[in-house]
**Student:** 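So that we are looking at the same thing, I have put the structure below in structure tokens.
When a ligand or atom number is given, it counts from 1 through the structure's own listing order. What you see is a predicted model, and the numbers here were worked out from it, not measured in a lab.
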Amino acid sequence: MAMRRTIFEPEHEIFRDGARRFFQAEIAPHAERWRKQGMVDREAYLKAGEQGYLLLWADEKYGGAGVADFRYEQVLIEENIRHGEPCFYLNLHSRLVGPYFGQLGNDEQKARFLPAFVQGAKILAVAITESGAGSDVASMKTRAEDKGDHWLLNGSKTYISNGQLADVVVVAARTVPDQRYGIGLFIVERGMEGFERGRHLQKIGLHAQDTSELFFKDVKVPKTNVLGDPAKGFHYLTHFLAEERLIGSVQYTTGAQLAWDLTLDWVKERRMFGKPLGAFQNTRFKLAELRAQIDAAQVFVDTLVTEHLQGKLSADLAAEAKLLTSELEFRTADECLQLFGGAGYMEEYRISRCFTDARVSRIYAGASEVMKEIISRGFGLDDRKLT
Ligand SMILES: Cc1cc2nc3c(=O)[nH]c(=O)nc-3n(C[C@H](O)[C@H](O)[C@H](O)COP(=O)(O)OP(=O)(O)OC[C@H]3O[C@@H](n4cnc5c(N)ncnc54)[C@H](O)[C@@H]3O)c2cc1C
């Protein structure tokens with residue numbers, strides 16, 4: 001039960017049907033095993049690649065479909081969350097990291113890397129965060145020194161999604177020591193000497209997603225593995241953030257909708273005091289409040305997708321959507337879990353995972369507080385202006 005959405009054309013719905021069948025048949029049956037092993041199988045990427053679901057935007061000469069329409073990506077994210085496994089980060093691979101190659105890579109780099117990414121033969125990650133530099137990205141310590149024919153990379157990263165699985169990692173490192181924003185983006189490949197993976201970190205949720213530390217000790221990165229201008233990495237990172245936050249918003253709104261749907265089914269079945277739980281006014285009112293909020297959030301997200309299709313997505317609106325939807329996803333999961341009682345605390349009920357998985361949405365891709373800073377930038381309330 002949700003309001004009718006108007007942004008999709010019939011061809012998106014046909015695509016959705018195929019994607020749903022794929023996630024149900026090829027992804028969902030493995031999810032429990034993946035949660036136990038702490039990561040998805042590499043084959044998941046290969047299978048998605050076979051279907052043409054990876055890097056949809058990539059040019060046909062690299063094996064892609066050349067589809068720029070973001071709505072197809074939106075459909076894949078929604079169907080994966082509902083019918084596949086949220087820890088299968090195909091959107092991180094395709095849409096958060098892949099574009100660094102598509103938009104910043106030169107022809108040689110695109111020809112060298114994109115075909116394997118499209119096939120799912122090589123898996124991607126992006127490494128920006130360090131133990132002392134998360135929200136404050138520009139304070140990163142990992143550094144790359146220009147040694148003439150190569151860059152020498154030293155430092156460490158943490159909380160890196162796909163950290164164990166990744167074959168190719170886009171690593172942000174300081175290239176200009178005395179400039180806060182003097183950062184470059186480097187392509188580090190599996191097997192490069194001095195590139196080591198650290199602990200596979202144990203998390204409270206997202207159990208099938210491998211999140212890791214990465215270490216770089218005197219890694220010689222060839223000059224041909226620099227993305228764009230080695231002093232403009234910070235600018236590039238911020239350029240990609242608006243879309244990253246929109247992708248997150250699609251994900252979080254779907255997570256909220258999923259929790260709501262699971263709960264509607266549950267309250268119809270669960271009986272107490274001689275009647276279904278759903279017949280209590282408290283249950284109906286809780287679900288009604290959340291229904292109204294999820295519908296409003298979905299309209300907002302779909303509107304921003306339309307703006308994005310027209311090349312007009314702004315950083316502050318993307319931040320608003322990220323703030324609103326990540327907070328809503330967690331609130332919905334929490335309130336819905338409450339209606340499951342003790343069952344909601346048991347891992348065998350999916351609502352428990354909606355709750356634990358949702359907790360991080362308010363932290364990564366920019367914490368809620370950082371979103372509030374971005375949104376309020378244009379208010380004229382900056383202390384430098386007020387004092
Ligand atoms: C599961 C998971 C996966 C991740 N995947 C990746 C990945 O693939 N690649 C990658 O590079 N990073 C990744 N991250 C890192 C993530 O982006 C950071 O955790 C996030 O940016 C926050 O940084 P931090 O953890 O250092 O928190 P801190 O920066 O220490 O912030 C702690 C808290 O301080 C508050 N705060 C922060 N800034 C402000 C402010 N300006 N005003 C007021 N309060 C503030 C907020 O409450 C925030 O939650 C991942 C993290 C997790 C948990």
**Student:** With ring centroids as reference points, do Y236 and Y100 lie under 6.0 angstrom apart?
**Tutor:**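 No, the ring of Y236 stays outside the 6.0 Å limit from the ring of Y100, centre to centre.
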**Student:** Heavy-atom count around R199 CZ within 6.0 Å, excluding the residue itself: above 12?
**Tutor:**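 For R199, atom CZ is not crowded (no more than 12 foreign heavy atoms under 6.0 Å).
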**Student:** To the nearest 0.5 angstrom, please state how far the CG atom of L92 sits from the CZ atom of R95.
**Tutor:**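 L92 atom CG to R95 atom CZ measures 13.0 Å (nearest 0.5 Å).
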**Student:** Among side-chain atoms of R82 and Q257, is any donor-acceptor pair under 3.5 angstrom?
**Tutor:**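 The answer is no; no qualifying pair exists.
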**Student:** Going by an N to O cut-off under 4.0 Å, is there a salt bridge joining R16 and E78?
**Tutor:**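 Answer for the salt bridge query: yes.
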**Student:** Using a 4.0 angstrom limit on heavy atoms, which residues are close to ligand 1?
**Tutor:**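 Under the 4.0 Å cut-off, ligand 1 touches V126, A127, I128, T129, G134, S135, Y159, I160, S161, K203, V360, I363, Y364, A365, A367, E369, V370, E373.
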**Student:** Looking only at the side chains, is there a donor atom on one of Y45 and D167 sitting less than 3.5 Å from an acceptor on the other?
**Tutor:**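 No, no side-chain donor-acceptor pair sits under 3.5 Å.
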